[in-house]
Number of protein chains: 2
Amino acid sequence: MNKDNNMEQQILQCAEELFLEKGFSLVSTTDIAKKAGCNQALVHYYFRTKENLFQQIFQAKFTKFLYIFTTFDDSDEPFTTRLRKKIEAHFNLLIENRQIPFLIVNELILNEERRSALVKNIYNKNLEIYRRFDHELQEEIQKGNIRPISTLDLLINIVSMNIIIFFMLPLLESQFNFDDEEIAELLQQRKHEVVETIMCSLRPKNK
Amino acid sequence: MNKDNNMEQQILQCAEELFLEKGFSLVSTTDIAKKAGCNQALVHYYFRTKENLFQQIFQAKFTKFLYIFTTFDDSDEPFTTRLRKKIEAHFNLLIENRQIPFLIVNELILNEERRSALVKNIYNKNLEIYRRFDHELQEEIQKGNIRPISTLDLLINIVSMNIIIFFMLPLLESQFNFDDEEIAELLQQRKHEVVETIMCSLRPKNK
DNA sequence: ATTTTATTTAATAGAGTTATTAAATTGACT
DNA sequence: AGTCAATTTAATAACTCTATTAAATAAAAT
């Protein structure tokens with residue numbers, strides 16, 4: 001469509017939209033070609049297989065999903081403030097990429113090979129950042145600023161509460177006829193509530 | 001297989017297992033027939049269409065998923081005790097039906113018609129129980145026993161934290177080689193942590 | 001201007017899908 | 001044994017899907 005965008009890019013972009021919306025198996029290369037405005041064979045000419053095309057897109061999305069999650073800024077603000085920001089940043093990323101949770105859950109459950117590939121790709125890469133976060137958290141717990149909780153449980157809690165509203169959006173849109181503005185408002189509220197819930201859940205008990 | 005189990009039941013049961021494992025579109029009526037040990041046409045003889053067969057199974061699973069969630073016992077135990085039990089009961093249900101979260105998220109996102117059918121079916125049916133829970137919760141908040149939170153947010157928090165581990169199970173099993181015992185242990189720990197997190201997050205702030 | 005290379009399309013092989021139809025098999029009842 | 005209905009199967013129509021191939025068109029290079 002754009003002058004500098006060649007058809008290869010066009011296909012990639014259309015494939016991305018379709019895969020995000022329906023997942024791997026419900027999108028055909030014919031669908032992609034139709035949306036991109038080219039012949040179906042061209043999709044295979046550029047990407048050879050549908051799996052190839054999907055991999056590129058999925059890898060990118062998954063990395064994005066984890067990236068923000070595996071960074072932790074080094075500013076001298078207190079731990080809880082930085083944690084709060086981290087949760088919000090992750091939620092904001094999802095607002096911009098609402099179908100990511102569906103794609104990840106769907107394809108990671110369904111496809112064993114995809115799982116292996118991803119785990120290999122990610123595990124070591126982010127171990128360092130995880131360890132640093134772990135260290136900081138457990139230190140705060142030692143100081144008595146935070147109730148005891150395993151680092152993994154905390155991370156899982158955050159992710160789960162962050163993603164669930166995006167599973168519910170189709171329901172709210174199509175069944176309860178929320179419009180874009182209402183959805184945007186709802187998401188902001190939900191983000192606030194997640195932060196609130198996590199922060200409250202971390203308050204030490206004895207206090 | 002059993003004497004009293006006729007082939008119709010056999011097909012239904014095999015279909016259930018396959019649909020739970022792979023979702024609607026990745027299971028063919030041929031797959032079902034093969035697993036049930038009959039001719040593919042027989043699947044259509046009993047259920048006419050694949051959609052029909054799926055609907056029966058999906059409806060049942062979804063009702064199950066919501067049933068325990070829309071009951072609230074009337075014993076004279078304190079609210080928080082009953083809430084704790086409710087969370088555990090929901091989690092226990094998921095332990096027995098591990099693929100339910102995947103099936104629901106997957107098919108509810110992908111199929112608009114299925115959404116409509118379900119919402120109609122469920123909305124009014126469970127409104128009464130929801131209202132009662134809502135009333136009790138807000139009363140506790142008024143009394144200052146619980147920090148202010150919307151009923152819906154609380155329910156969403158519980159569901160999200162309860163289901164997420166079941167999205168992660170395939171990863172733990174196939175990539176980190178957890179055996180059944182380890183998984184069982186992990187699930188118990190996770191259940192405990194969810195209850196803990198929710199309960200901690202509900203403590204009033206001023207106290 | 002013509003050869004070479006890159007892009008794009010039409011056509012199609014080959015496999016798999018749902019659903020239907022007619023025929024075969026089984027079992028019950030008279 | 002013979003009739004009737006229920007169950008099961010083989011065969012197949014009418015798709016759709018991925019991927020490949022050969023041919024056509026466009027762009028670049030000599």
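Chain A is the first sequence line, chain B the second, and so forth, proteins listed ahead of strands; every chain is numbered from 1. Keep in mind the model is a prediction, meaning the values are calculated, not measured.
- Taking CZ of Arg98(A) as the start and CD of Glu21(A) as the end, the distance is 14.0 Å to the nearest 0.5 Å.
- To the nearest 0.5 angstrom, Phe47(B) atom CZ is 9.0 Å from Ile32(B) atom CD1.
- For the residue pair Arg147(B)/Thr197(A), the side-chain donor-acceptor check at 3.5 Å is satisfied.
- Partners of Phe166(A) according to the ring-ring contact (aromatic ring centres under 6.0 Å, His included) rule, which considers only residues two or more places apart in sequence or in another chain, are Phe91(A).
- Within residues 46-54 of chain B, the residues that have a heavy atom under 4.0 Å from DNA chain C are, in order of number, Thr49(B), Lys50(B).
- Salt-bridge formation is detected for the pair Glu112(B)/Arg115(B): a Lys NZ or Arg NE/NH1/NH2 atom is positioned less than 4.0 Å from an Asp or Glu carboxylate oxygen.
- Taken from CG in Leu152(B) to CG in Leu186(A), the straight-line distance is 8.5 Å, to the nearest 0.5 Å.
- One interatomic measurement links the two molecules: CG of Leu42(B) to P of dT8(D), which rounds to 5 Å at whole-angstrom precision.
- Proximity of residues 14-29 of chain A to DNA chain C (heavy atom under 4.0 angstrom from any strand atom) is not detected for any residue.
- A side-chain donor-acceptor contact under 3.5 Å links Gln189(A) and Glu185(A).
- Look at CG on Asn6(B): it is 18 Å from P on dT26(C), rounded to the nearest Å.
- Contact between the side-chain N/O atoms of His44(A) and the OP1/OP2 oxygens of dT18(D) is not found at any separation under 4.0 Å.
- Distances shown here put every side-chain N or O of Tyr45(B) at or beyond 4.0 Å from the OP1 or OP2 atom of dT8(D).
- The structure places CG of Asp134(B) at 9.0 Å from CG of Leu155(B), a figure rounded to the nearest 0.5 Å.
- Counting only residues at least two apart or in different chains, salt bridge (charged side-chain N to carboxylate O under 4.0 Å, His left out) contacts with residues 39-53 of chain A comprise Glu51(A)-Arg114(A).
- In the model, Thr29(A) has a side-chain atom that pairs as donor or acceptor with a side-chain atom of Gln40(A) under 3.5 Å.
- Note on the helix from dA1(C)-dT30(D) to dT30(C)-dA1(D): terminal axis deviation equals 10°, with five pairs used at each end and the result rounded to 10°.
- Ring pair Phe54(A)/Phe19(A): centre-to-centre distance below 6.0 Å.
- Remark: the Lys191(A) side chain and the Asn92(A) side chain contain an N/O donor-acceptor pair separated by less than 3.5 Å.
- Rounded to whole Å, atom P of dT7(D) lies 11 Å from atom CD1 of Ile11(B).
- Side-chain contact between Asn52(B) and Tyr46(B): absent, with no pair of heavy atoms (C-beta onward) separated by less than 4.5 Å.
- Only Cys38(B), Asn39(B), Ala41(B), listed by number, bring a heavy atom of residues 34-41 of chain B to less than 4.0 angstrom from any atom of DNA chain D.
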